Number of protein chains: 2
Amino acid sequence: MSVGIRHDDLRRRNRAMVIAAVRQAGQPSRTEIAATTSLSHSTISAISSDLIVEGILTESKPSEAGSLKRGRPQVGLSLNPEAAAVMTVVLSLNFLSVAVIDYAGQVVSEEQRRLDTLTMSRESLIGECTAIVRRRLADPDLDVRSIARIALAIQGITDTRARAMLWSPITPHTDIAFADIFEDAFGIPAIMENDCNMMAVALRWRDPDRYRDDFIAILLSHGIGMGLVLKGELFTGTHSSGGEFGHMIHRPNGALCRCGRRGCVEAYAGNYAIWRNARQMGEDAEPVADVSDADMRALAAAAREGDGPEREAYRKAGEALGYGLGSLFALIDPAPVAMVGVSAAAFDLIEPALRQAIAQTAGGQHSKSISFDTEPNELPLIREGCAMRALIFVDQEIFAPGVQARGSAGKSVA
Amino acid sequence: MSVGIRHDDLRRRNRAMVIAAVRQAGQPSRTEIAATTSLSHSTISAISSDLIVEGILTESKPSEAGSLKRGRPQVGLSLNPEAAAVMTVVLSLNFLSVAVIDYAGQVVSEEQRRLDTLTMSRESLIGECTAIVRRRLADPDLDVRSIARIALAIQGITDTRARAMLWSPITPHTDIAFADIFEDAFGIPAIMENDCNMMAVALRWRDPDRYRDDFIAILLSHGIGMGLVLKGELFTGTHSSGGEFGHMIHRPNGALCRCGRRGCVEAYAGNYAIWRNARQMGEDAEPVADVSDADMRALAAAAREGDGPEREAYRKAGEALGYGLGSLFALIDPAPVAMVGVSAAAFDLIEPALRQAIAQTAGGQHSKSISFDTEPNELPLIREGCAMRALIFVDQEIFAPGVQARGSAGKSVA
DNA sequence: CAGTGTTTTTTCGAGGCTCGAAAAAATAGG
DNA sequence: CCTATTTTTTCGAGCCTCGAAAAAACACTG
């Protein structure tokens, strides 16, 4: 089980460390890398000269404009955009989006497409996904050989091995091994990730000051999803993508949830639940298939207008989220929260009840120290997360390959 | 942040690996160690001969009786009991227990003592703990210099740094930095751990087949505690010992909990809650301070006798535990559960309602595959866990010391 | 009971890696 | 143009692990 460190692993790990340092810092000098990795200058020099020869890093002469320091100026090291490229595929309700991203993280090309995911057959869903990838790969400006990885994100449950979608609210079909399908079709390594986990990954790269070691990303959308980073690592379940915050039980035998069970947090805080309560349809009413973003915005506007069923619906959503977070905080200690998705724009309506509920829970001891941030648009986040995930795979597994693929518990975000 | 691997770390880590292999396997030969660590025979030979010279390992000639294999017989390596010793201190409600344990894990001496922890002053509580340790250290048979570590376990919340008890139900006093107190008093490194976490550690050593990478230990006692192992590592909160399963919210605004809040799982499943329901005192009744184990056993007997308030009380406990586990399983996926403590002996009364509740939750999809095991006596478990935790500290930090103490996320149980 | 086969353990040289010290490189200031 | 300063590279030393071969320790056989 626990495996010793072999001599050749040393170089591999330190190579990966140098690449990671460059990806994080942007344009660090060798001296800066030596400082962050606590390796000697000689070692960094040796490794980086290797990496430059291999075309993974490049020297970017003007390290920083106007650095009027006395001695030899630092030479910035940066990722060579042409070293590789990755492709992201984000499949969400009625929407499919692909992008090609170079090794430095810049979008090279993209394509988006509306679909009717809820009614499509299994074959045509898979077909659309492979077709859109094929079109991008056929782009004449693109060197297909450089595509080192495809990362696909989807709402729903994926397996820990990042091979398959197990279940998703956007389609009735289950157990689609997208990763295997892509690998077979294109011969490119692929992974299948959960959308909320990718949101969390992206937040960490966007704002490492706020989202560093411990934080929570909650998707307030038709359903409720969560991405959780604990101690610097993405938290996943043991078998699935895990973190099904939306299906923690808020009230035993409570409102009917889209998942068929009763009393889940989502059955109070999902868009369909807010809609159902605002329209006073009763907690047993069958969840509607979809509520448009425009409708949700109208609902929020009505709730802000005056005290009526709309406002009460948001209050109930806040209460469910608050108790849910309270239970979560009992397990993991409070942490900063990012609310993402359409209903994050209505967080002003949700927050009072949420804070009131959380104050009733174990996590509420530090209620005031729990801070919330909102981001209404989830799609760019998910894509960024996918891109980072794929690029880091390239960093580690392709540009710093080890003899054996040593599976480490959890997946480091950095 | 992420730190490179230096050349001298290599030996340190591989030394630690060899020691860990011996601790796990008991009496492995060098060849077996080479196999489990995937290091070469030469390396294992070099490291183990070092360790033998240093008195950490010993060669135990008869590797196994009657091994009628053909070639040169394997020489078993075992931990030298005299290499070091550790001390465990378990402080629970009205009870204090200390033990000295040799490097091989055998109890050398012990002492137990009844206290009135609920009413004692802060000073006398600390005084009793240091006094009992001092008495053990004064044992003429004991070489005090060999005590390398003191591990103290307590019910309640400890900090992640394992220095202090932040809050405990066994005493009104808070924020007692026992680890620092012991270090100052005796000059021996000390740690402060949560009791349920130590239960989990011990279960893993007792039955590594069942309790390997992912499992849950739940203490059914006056309060409800949890120790959680995920992906082979003890799961702790980010600031505290975490995993406050007992204070997840079962019913918003529900029964009064000992913690002062309402609707916690514990307010239905803790001994005092079962007692309160069985005696039909109402959910708002102030929790009693303590219910004796004998009273609880009588309660269980009455519940088995016939359908009355006692049986209903256990049913409610099962329901709360079931929904709580269901919410937990939504986050981490289902895993084997060990029920520990007095009320684990009444698990037959709890299980039906528990399974029924869990079937209503997201985790319930695999309800049948969730298996429960019971262990009525928590104290030995807690002590074993403490001992292992302290011994592994000695293995890693004293017998395989690195230049820098590199804090890894989570604490490996192995 | 000596010889042979088998398995474990040790020995030894080779190859790699990181480190520290010193040298080389590149610039600003005088 | 020279000096001070900082960054980067070079080079030898010291470890560490590895593979191959040797040594050790026993069972089996005739």
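These numbers come from the heavy atoms of this one structure, side chains and all, not from hydrogens, waters or symmetry mates. Treat the numbers as computed from the prediction; the structure is a model and nothing was measured. Order of the sequence lines fixes the chain letters, A, B, ..., with proteins taken first and strands second; residue numbering starts at 1 for each chain.
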> Rounded to the nearest Å, what distance is computed from the NE2 atom of residue His41(A) to the C1' atom of nucleotide dT6(D)?
Replying inline: 10 Å
> Roughly how many Å is it from CG in Leu57(A) to P in dT8(D), rounded to a whole number?
Replying inline: 13 Å
Between [X] and [N], is there a side-chain N or O to OP1/OP2 distance below 4.0 Å?
X: Arg13(B); N: dC16(D); result: no
X: Arg70(A); N: dG29(C); result: no
X: Arg11(B); N: dC16(D); result: yes
X: Ser49(B); N: dT10(C); result: no
X: Thr31(A); N: dT8(D); result: yes
X: Thr43(A); N: dC19(C); result: yes
X: Ser45(B); N: dT9(C); result: no

> Under the 3.5 Å rule, do the base of dT27(C) and the side chain of Arg72(A) count as making a donor-acceptor pair?
Replying inline: no
> Starting at the 5' end of DNA chain C and moving along, which residue's nearest nucleotide shows up first, Asn14(A) or Ala46(B)?
Replying inline: Ala46(B)
>> Here's a test of your reading of the structure: between Leu39(A) and Ile44(B), which maps to the more 5' nucleotide of DNA chain C?
In response: Ile44(B)
